[in-house]
Amino acid sequence: MSRELTMLQAIQEALDLKLADDERVVLLGEDIGVNGGVFRATDGLLAKYGEKRVIDTPLAESGIIGTAIGMALNGMVPVAEIQFLAFIFPGLEQLLSHAARMRHRTRGQFGVPMVIRTPYGAGIRGPELHSESVEAFFAHTPGLKVVVPSSPYDAKGLLISAIEDPDPVVFLEPTRIYRAFREEVPGGLYRVPLGQAKVVREGEDLSIFAWGSMLRTALRAAEQIEQERGWRCEVIDLRTLYPLDRETIITSVQKTGRALVVHEAHKTAGLGAEIISLINDEALLYLRAPVKRIAGFDVPVPMFSVEDDYLPTEARIRQGIEETILF
Amino acid sequence: MSRELTMLQAIQEALDLKLADDERVVLLGEDIGVNGGVFRATDGLLAKYGEKRVIDTPLAESGIIGTAIGMALNGMVPVAEIQFLAFIFPGLEQLLSHAARMRHRTRGQFGVPMVIRTPYGAGIRGPELHSESVEAFFAHTPGLKVVVPSSPYDAKGLLISAIEDPDPVVFLEPTRIYRAFREEVPGGLYRVPLGQAKVVREGEDLSIFAWGSMLRTALRAAEQIEQERGWRCEVIDLRTLYPLDRETIITSVQKTGRALVVHEAHKTAGLGAEIISLINDEALLYLRAPVKRIAGFDVPVPMFSVEDDYLPTEARIRQGIEETILF
Amino acid sequence: MLTENDRAQLWMQMKAHSDRLFEEIQVLKPDGEVTGPVDDISPDVMREMYRWMVLVRAFDRKCVILQRQGRIGTYAPFEGQEAAQVGSALALAPEDWMFPTYRDHAAAMVHGQPLATVVLYWMGRMEGCVCPPGKHILPPCVPIATHLLHAAGAAWAAKWRGEPMVAIAYFGDGATSEGDFHEALNFAGVFQLPVIFLCQNNGYAISVPFSRQSASRTIAQRAVAYDIPGVRVDGNDVFAVYRAVRQARERAAAGLGPTLIEAVTFRYGAHTTADDPTRYRDQQRLSDEWRTQRDPVTRLRLYLERHDLWDARQEEAWQAEVASRVDAAVQEAMAAGPADPLAMFDHVYADEPWHLAEQRRELATARGGAHA
Amino acid sequence: MLTENDRAQLWMQMKAHSDRLFEEIQVLKPDGEVTGPVDDISPDVMREMYRWMVLVRAFDRKCVILQRQGRIGTYAPFEGQEAAQVGSALALAPEDWMFPTYRDHAAAMVHGQPLATVVLYWMGRMEGCVCPPGKHILPPCVPIATHLLHAAGAAWAAKWRGEPMVAIAYFGDGATSEGDFHEALNFAGVFQLPVIFLCQNNGYAISVPFSRQSASRTIAQRAVAYDIPGVRVDGNDVFAVYRAVRQARERAAAGLGPTLIEAVTFRYGAHTTADDPTRYRDQQRLSDEWRTQRDPVTRLRLYLERHDLWDARQEEAWQAEVASRVDAAVQEAMAAGPADPLAMFDHVYADEPWHLAEQRRELATARGGAHA
Ligand SMILES: Cc1ncc(C[n+]2csc(CCOP(=O)(O)OP(=O)(O)O)c2C)c(N)n1
Ligand SMILES: Cc1ncc(C[n+]2csc(CCOP(=O)(O)OP(=O)(O)O)c2C)c(N)n1
Ligand SMILES: [Mg+2]
Ligand SMILES: [Mg+2]
């Protein structure tokens with residue numbers, strides 16, 4: 001059975017299936033119960049699984065992540081929702097000092113299988129601090145895995161993999177494409193493996209690396225530029241940001257000799273820098289032009305009246321492609 | 001009047017002079033008063049300036065940073081000490097969501113002139129979580145400045161500049177060289193400007209970028225390699241990590257055509273990646289070899305029995321230089 | 001030494017005391033009667049209270065409409081909580097520091113924030129974060145409970161300089177679960193800071209009822225943990241709120257430290273315009289109940305009319321005035337012209353570093369290109 | 001409705017009640033007499049308490065010496081706090097989850113952590129973080145107060161599965177200022193979790209006296225903020241601690257929720273071996289006072305001897321046993337052989353990703369090269 005679902009529906013379905021499949025799985029977070037989450041990702045799950053499995057917590061993110069760690073230590077598989085990415089900040093200590101380090105410091109004795117899901121990114125006219133993208137923080141934290149889906153199919157398969165993963169996974173859900181489009185999604189449990197990027201569009205002239213909501217922007221730019229200029233850009237969805245799928249990245253750059261990274265996070269010290277560095281390490285001699293970063297500007301994500309200008313646009317990506325190919 | 005001081009003494013002197021110089025300056029933090037700080041950076045200042053200027057706070061880092069923001073809003077210049085870098089984590093929300101954003105969101109109406117000083121880095125056989133170096137987090141946060149001294153002279157001059165800066169500065173003090181050596185330090189107030197790197201050693205064959213405690217390790221490696229191989233490495237102390245001094249970085253790489261970054265933070269998504277990206281942007285065609293990163297491994301900073309192996313060593317740096325020059 | 005029995009009894013007694021101590025103080029009853037003399041509040045102040053409550057309610061309703069029309073973004077309405085916000089703000093001195101949340105623009109407007117600025121905020125305009133020169137009104141705090149520490153810090157600075165200004169932080173019942181709530185009250189207690197912590201307990205943090213937010217019956221009793229005064233008032237009773245804040249302000253300015261005030265109230269509408277309260281509560285019944293039985297505006301009007309402080313003519317005139325002020329504010333905000341995207345590069349730092357100058361040019365070019 | 005006067009009086013009365021309710025419970029007085037019957041604690045348990053206290057004190061002193069000799073790293077001594085740790089740990093069931101800090105290895109050892117493992121921890125060895133199979137003893141928590149939430153979460157899981165195990169978190173007076181303290185107690189209260197929050201109030205957080213840590217007179221009274229039971233005991237009285245924890249454990253296991261216990265005690269020595277207590281307190285006088293007037297070990301020995309539960313011969317034998325056990329543990333730890341740096345790549349994840357495999361090889365080569 002396969003239906004057209006939005007990313008939100010696909011996520012809801014993954015949660016539903018894992019709740020049914022594994023009684024160690026519990027959901028916790030603010031407003032996820034009777035309200036079904038502020039985006040409705042947990043819609044209907046309280047009614048179906050009860051208060052023991054779908055837990056509305058007090059308003060305290062360190063509390064959510066910290067108790068989730070304790071639950072995970074004692075045999076549960078908590079899936080915590082943080083209402084928006086910036087609200088993970090009060091819980092960062094729990095994530096950095098404990099979740100990421102527990103398996104390592106106890107020499108494998110105590111793992112913390114848990115997932116922290118959180119909507120992220122700009123583009124939905126959200127209030128202040130509802131539009132951040134700080135995935136680079138997590139990708140600089142050994143012990144964590146970082147996953148970002150860009151389509152309903154992947155969202156479901158990646159989330160199921162994340163819940164089944166024995167290590168803590170930060171699962172970032174791009175709000176901008178939560179409901180933006182539908183896609184065929186199979187009904188049962190299936191997995192999209194963590195750690196594997198996906199070549200979404202093949203090409204020979206330039207490699208574009210993107211994830212989350214930027215993937216579609218990048219794809220559109222690639223399509224336009226092919227129409228306008230005939231250049232064929234390869235577009236790669238990284239999907240897992242930590243650890244990165246180096247092989248797919250390098251193979252593509254070795255083929256195209258040119259690369260461009262798109263992300264909505266601030267440019268400086270963003271994940272684009274790491275991708276450039278991997279290319280520098282492994283494929284420098286293949287490069288025919290500097291790798292280009294089209295990223296969010298190095299300003300606090302501004303209020304929504306100008307967020308579209310903060311975000312990478314198709315125009316800026318096309319401009320970047322031109323500069324790189326004509327370098 | 002100029003004496004030989006350790007970095008700690010130089011920092012203490014900067015605090016002392018600014019307390020005397022500007023009555024808006026207050027120090028706050030855990031154990032900074034009668035105890036003079038766990039490293040004694042505030043030794044004697046309570047006795048000299050009293051409880052109103054040198055404040056022992058309750059044990060709460062969000063409290064420290066949050067109240068410092070409030071003080072700064074209302075005309076003070078707070079200099080907060082966080083006992084060790086990892087203990088800034090519970091206060092990250094205050095730093096990321098408020099300190100970094102206040103001037104921007106209020107369109108310049110309310111600034112928060114404040115400094116957060118904290119010992120950081122490994123190499124002193126500290127307990128767990130006393131050895132982290134997550135400068136990359138701050139360098140990915142527009143609105144913050146990030147400063148790391150590597151010598152007593154710079155420590156004093158940079159700290160004075162940081163306190164006088166109208167914006168929030170994260171001032172990271174490498175514990176490993178707190179007392180490791182002495183240097184001539186002038187007695188009065190002087191400034192080392194923020195945002196300027198320093199060429200510590202000139203050379204033509206390769207540029208090494210380092211900061212904090214890694215600077216000396218890099219310098220020694222450069223000296224040895226010159227003796228052994230005759231290669232002359234330029235060594236650059238970045239001093240301010242955000243915003244970076246691109247000009248100095250690029251000028252050097254254009255001269256040498258080869259570069260290596262040393263940092264003790266984890267390699268992946270560390271600041272080395274940003275430096276490589278700047279070089280990629282501005283000096284790709286000058287490069288005769290991939291830029292090398294010699295960094296902390298991508299593991300939680302391990303307990304001290306093996307921290308020397310976690311940290312970049314002269315041997316690893318020399319190996320990196322050889323690989324780069326012989327590429 | 002107490003026996004186990006003694007202790008159990010003591011505990012019960014203390015609970016009983018605490019229940020009385022933290023019971024809801026009421027001055028102005030829903031029927032417009034008062035529970036005791038109110039000569040400490042002048043007729044002028046009472047009329048001011050009323051005028052403000054009517055004005056902010058009209059403003060609030062207008063904003064909900066503007067949001068539905070797509071002319072502003074997601075909006076957080078406060079209807080039902082007017083007494084808590086107006087009463088508290090009127091008890092402040094002009095120079096006091098105010099730290100509101102996204103739901104406290106009524107308080108902000110009373111304290112001097114222009115209505116048009118508030119509209120700009122909800123239009124997603126950065127201009128909406130700026131207050132008039134010389135005022136100390138911070139833009140709405142979005143991350144819950146974090147600003148309680150800012151209020152403590154600002155109060156600290158005032159105390160430090162010996163200035164009589166105090167700071168007030170507004171927050172909700174949900175905010176009391178965050179660690180920053182605790183740290184702020186603790187700092188304020190230790191350093192006896194001139195700060196007022198004003199909690200509007202509207203019974204819900206989005207969908208989560210207070211009973212699930214905390215095992216404690218009241219929020220006021222949390223003051224016990226810090227040995228600071230705590231008080232619980234009927235938050236729909238503008239006299240009770242005004243008095244409690246005035247008293248807390250006097251204590252603070254006199255060097256007697258912080259106060260925690262719990263104002264029990266209810267938001268009639270949704271958490272924000274993006275929220276659907278029917279999902280988590282019997283919205284119709286509850287909001288009808290509060291509206292008809294505990295409305296803050298109605299009860300003050302009853303009182304004023306009964307004491308000949310207000311009449312139908314005044315009402316009519318004021319309603320007209322309110323309508324025109326709200327319209328003018330909306331018009332002013334809408335007339336602000338398109339937002340300037342390049343302004344996002346302003347004020348990241350006091351001085352612009354090279355990379356921002358460069359990115360500013362990059363965006364200018366990209367936009368120029370887009371227009372060309 | 002209360003008058004202002006009523007309220008002021010009520011407040012005073014409540015303070016008085018609270019002072020009595022949260023006064024320090026004492027069972028075993030410093031002179032070895034008891035304040036009431038203690039038949040609920042068997043002679044065997046009493047002797048076990050004593051043996052453990054003597055053992056852990058010897059262990060602690062040994063570690064301070066090892067640190068001075070440079071054979072272990074910075075060490076956090078607990079001498080003076082033996083009753084709080086031993087008494088509490090003995091009240092637990094073997095399967096209970098223990099979340100200690102850096103100063104609670106006495107409790108950890110009583111709960112089953114081998115002495116040699118504790119030495120390894122302070123040698124900076126990762127092996128020192130591992131507990132015996134089947135035990136639930138977490139490695140010392142370094143970031144203050146964070147583990148209170150872990151205890152709440154572990155307790156939650158137990159409750160969820162209907163297992164009678166409880167969780168206990170150890171922490172100090174300073175920890176009560178952190179936001180996580182508040183969040184943990186609040187979660188535990190809301191969900192009625194089977195968790196015990198055991199605070200050893202030793203009067204100092206490094207150099208900061210409790211009077212400056214909080215405006216509240218006691219820590220136990222903070223329970224009021226969450227409507228959960230709070231109790232304050234003489235933390236140098238092993239009977240009082242044992243009883244309080246046993247009772248809290250019974251409540252927890254019976255589904256009656258969390259308890260906050262404040263055990264008032266004192267550390268005789270420095271915060272850690274890197275600390276110099278003479279900088280911030282009258283160290284000699286204070287530690288002499290506590291040692292001579294309130295020592296936990298002495299008073300239990302007095303009691304045992306007075307009741308013919310212990311004699312000089314047993315003492316001698318036990319001291320010899322202790323010396324040899326401590327020596328054996330130290331020898332075992334020191335014999336562990338050099339730390340394997342490559343082990344830092346183990347257990348970052350359950351499965352090793354490519355970049356760690358590569359970095360492991362990089363280090364292996366670098367070390368091979370260094371040796372060649
Ligand atoms: C740190 C943080 N976590 C979560 C949120 C999302 N959020 C916004 S308002 C809200 C509920 C707040 O409830 P309460 O404190 O009672 O105030 P009210 O909205 O009722 O006025 C939540 C969870 C946030 N803004 N900040
Ligand atoms: C989050 C955090 N902040 C600061 C520290 C540094 N630190 C270690 S122990 C300590 C004092 C703790 O005092 P208390 O809770 O009373 O426990 P005690 O040491 O007295 O047993 C401090 C400030 C830390 N470990 N973690
Ligand atoms: Mg509320
Ligand atoms: Mg203590």
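The structure presented is a predicted model; accordingly, all values stated were derived computationally and were not measured.
Scanning both residues, D:Tyr170 and D:His147, for their nearest heavy atoms gives O-NE2, 2.6 Å. The shortest heavy-atom contact between C:Gly230 and D:Trp11 is N-CH2, 3.9 Å. Contact record, C:Phe99 with C:Ala167: CE1-CB, 4.2 Å, taken as the closest heavy-atom pair. When all heavy atoms are compared, the tightest approach of D:Ala84 to D:Ser88 is O-OG, 2.6 Å.
Residues from residues 216-228 of chain C that place a non-hydrogen atom less than 4.5 Å from a non-hydrogen atom of chain D comprise C:Ser216, C:Arg217, C:Gln221, C:Arg222, C:Val224, C:Ala225, C:Tyr226, C:Asp227, C:Ile228, given in numerical order. Among the residues in residues 202-214 of chain C, those with a non-hydrogen atom closer than 4.5 angstrom to a non-hydrogen atom of chain D are C:Arg212, C:Gln213, C:Ser214. Listed by sequence position, C:Thr176, C:Ser177, C:Glu178, C:Gly179, C:Phe181, C:His182, C:Glu183, C:Asn186, C:Gly189, C:Val190, C:Phe191 are the residues of residues 171-195 of chain C in contact with chain D, using a 4.5 angstrom heavy-atom cutoff. For residues 235-261 of chain D, a heavy-atom distance under 4.5 Å to chain C picks out D:Gln247, given by residue number.
Here D:Ile196 contributes atom CD1 and D:Leu148 contributes atom CG; the two are 12.5 Å apart, rounded to the nearest 0.5 Å. From D:Asp31, atom CG reaches atom OG1 of D:Thr298 across 12.0 Å, with rounding to the nearest 0.5 Å. A distance of 9.5 Å separates CZ of C:Phe22 from CD of C:Glu262, quoted to the nearest 0.5 Å. With rounding to the nearest 0.5 angstrom, the CZ atom of D:Arg299 is 13.0 Å from the CG atom of D:Leu304. Here the straight-line distance linking atom CD of D:Glu23 with atom CZ of D:Arg232 works out to 9.5 Å at 0.5 Å rounding.
Side-chain contact between D:His150 and D:Leu138 is absent, with no heavy atoms from C-beta onward closer than 4.5 Å. Between C:Gln13 and D:Gln13 the shortest side-chain heavy-atom distance does not fall below 4.5 Å. Residues D:Met49 and D:Ile41 meet the side-chain proximity criterion, which asks for heavy atoms closer than 4.5 Å.
Using modelled atom types, no side-chain atom of C:His17 and backbone atom of D:Lys15 make a donor-acceptor pair closer than 3.5 Å. The main-chain N or O of D:Gln26 is found under 3.5 Å from a side-chain atom of D:Thr35 such that the two form a donor-acceptor pair. Side chain of D:Arg7 to main chain of C:Leu21: a donor-acceptor pair is present (N/O by atom type, distance under 3.5 Å, no hydrogens or angles).
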